[in-house]
Amino acid sequence: MTLKDFKNTLSQDKPDLKWNDYLKALWYDGKKDWEAAHTIVQDIETTEAAHIHAYLHRKEGDVGNASYWYNRAHQKLPKNSLEEEWGEIVEHFLQK
């Protein structure tokens, strides 16, 4: 699946049940459901979940909280757009 294919699924009512929680969270964020995305990743204790968590708080505008989560993800606060970061994260998980 490509990023374009993933974006095309945003017209559906639900994410693919075969996807991992990371892709499901990103799908919900793509659907403009920040709360659902945050609920999925907030209790997952991996650096990958921390990266999504950081992105979500950056999107929310809470830079302090986002910085904390980027640190937990061993990432730096990105300088690219939120849309670009979202696409990069989605592509990362589509390759797994």
Side-chain angles (χ1 to χ4, degrees):
M1 174 177 278
T2 66
L3 177 59
K4 182 179 177 182
D5 295 333
F6 186 84
K7 286 180 179 180
N8 287 338
T9 69
L10 296 174
S11 64
Q12 300 172 3
D13 292 333
K14 295 181 181 179
D16 189 322
L17 295 177
K18 294 180 251 173
W19 289 344
N20 61 38
D21 285 342
Y22 306 121
L23 283 172
K24 288 176 187 172
L26 292 161
W27 184 88
Y28 278 110
D29 181 66
K31 293 281 283 186
K32 311 287 189 249
D33 191 344
W34 187 97
E35 290 292 332
H38 188 261
T39 297
I40 291 170
V41 297
Q42 70 181 348
D43 294 324
I44 302 173
E45 295 288 331
T46 65
T47 56
E48 292 171 317
H51 188 187
I52 297 169
H53 202 162
Y55 156 80
L56 290 170
H57 283 294
R58 177 178 174 229
K59 183 175 188 176
E60 178 188 37
D62 187 347
V63 178
N65 201 1
S67 294
Y68 167 81
W69 286 103
Y70 281 115
N71 187 46
R72 293 217 26 202
H74 309 291
Q75 302 277 334
K76 291 185 179 187
L77 187 68
K79 296 186 189 292
N80 59 350
S81 72
L82 289 165
E83 184 177 323
E84 289 170 330
E85 183 182 13
W86 181 86
E88 290 169 2
I89 301 169
V90 169
E91 286 180 325
H92 169 79
F93 287 107
L94 289 174
Q95 294 173 10
K96 289 190 146 247

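We're numbering straight along the sequence, starting at 1.
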query = Okay, side chain of W27, backbone of T9: is any donor-acceptor separation there less than 3.5 Å?
reply = yes
key: Polar side-chain atom of W86 near backbone of L26 as donor-acceptor pair, under 3.5 Å   = yes
Euclidean distance, [Y] [atom2] relative to [X] [atom1], rounded to 0.5 Å:
{"X": "I44", "Y": "I52", "atom1": "CD1", "atom2": "CD1", "result": "7.5 Å"}
{"X": "E83", "Y": "E88", "atom1": "CD", "atom2": "CD", "result": "11.0 Å"}
{"X": "Q75", "Y": "E85", "atom1": "CD", "atom2": "CD", "result": "8.0 Å"}
{"X": "L23", "Y": "N20", "atom1": "CG", "atom2": "CG", "result": "4.5 Å"}
{"X": "W34", "Y": "Y28", "atom1": "CH2", "atom2": "OH", "result": "15.5 Å"}
{"X": "K24", "Y": "L17", "atom1": "NZ", "atom2": "CG", "result": "5.5 Å"}

Closest contact, heavy atoms only, [X] versus [Y]:
{"X": "D21", "Y": "I40", "answer": "O-CG2, 3.4 Å"}
{"X": "Y55", "Y": "L82", "answer": "CE1-O, 3.5 Å"}
{"X": "A37", "Y": "A25", "answer": "CB-O, 3.1 Å"}

task = Taking only Lys NZ, Arg NE, NH1 and NH2, and the carboxylate oxygens of Asp or Glu, determine whether R72 and E45 approach each other closer than 4.0 Å.
result = yes
inquiry  = For Q12, I'd like to know if atom CD has over 12 heavy atoms of other residues, nucleotides or ligands within 6.0 Å.
reply    = yes
Is the closest side-chain heavy-atom distance between [X] and [Y] below 4.5 Å?
{"X": "P78", "Y": "R58", "value": "yes"}
{"X": "D33", "Y": "D29", "value": "no"}
{"X": "Y22", "Y": "H92", "value": "no"}

task = Decide side chain to side chain contact (heavy atoms under 4.5 Å, CB included) for W19 and M1; before the verdict, give the C-alpha distance in whole Å, the side-chain angles of both, and the deciding distance to 0.1 Å.
result = CA-CA 11 Å; W19 289 344; M1 174 177 278; 4.0 Å; yes
inquiry  = With a 4.5 Å cut-off on side-chain heavy-atom distances among I, L, V, M, F, W and Y, is there a chain of contacts connecting L56 to Y68?
reply    = no
ask   = Are F93 and W69 connected in the hydrophobic side-chain network, where two residues link if heavy atoms are under 4.5 Å apart?
value = no
inquiry  = Can you tell me how the ring of H53 sits relative to the ring of H38, calling it parallel under 30°, perpendicular over 60° and tilted otherwise?
reply    = perpendicular
key: H51 and E48: side chain donor to acceptor below 3.5 Å   = no
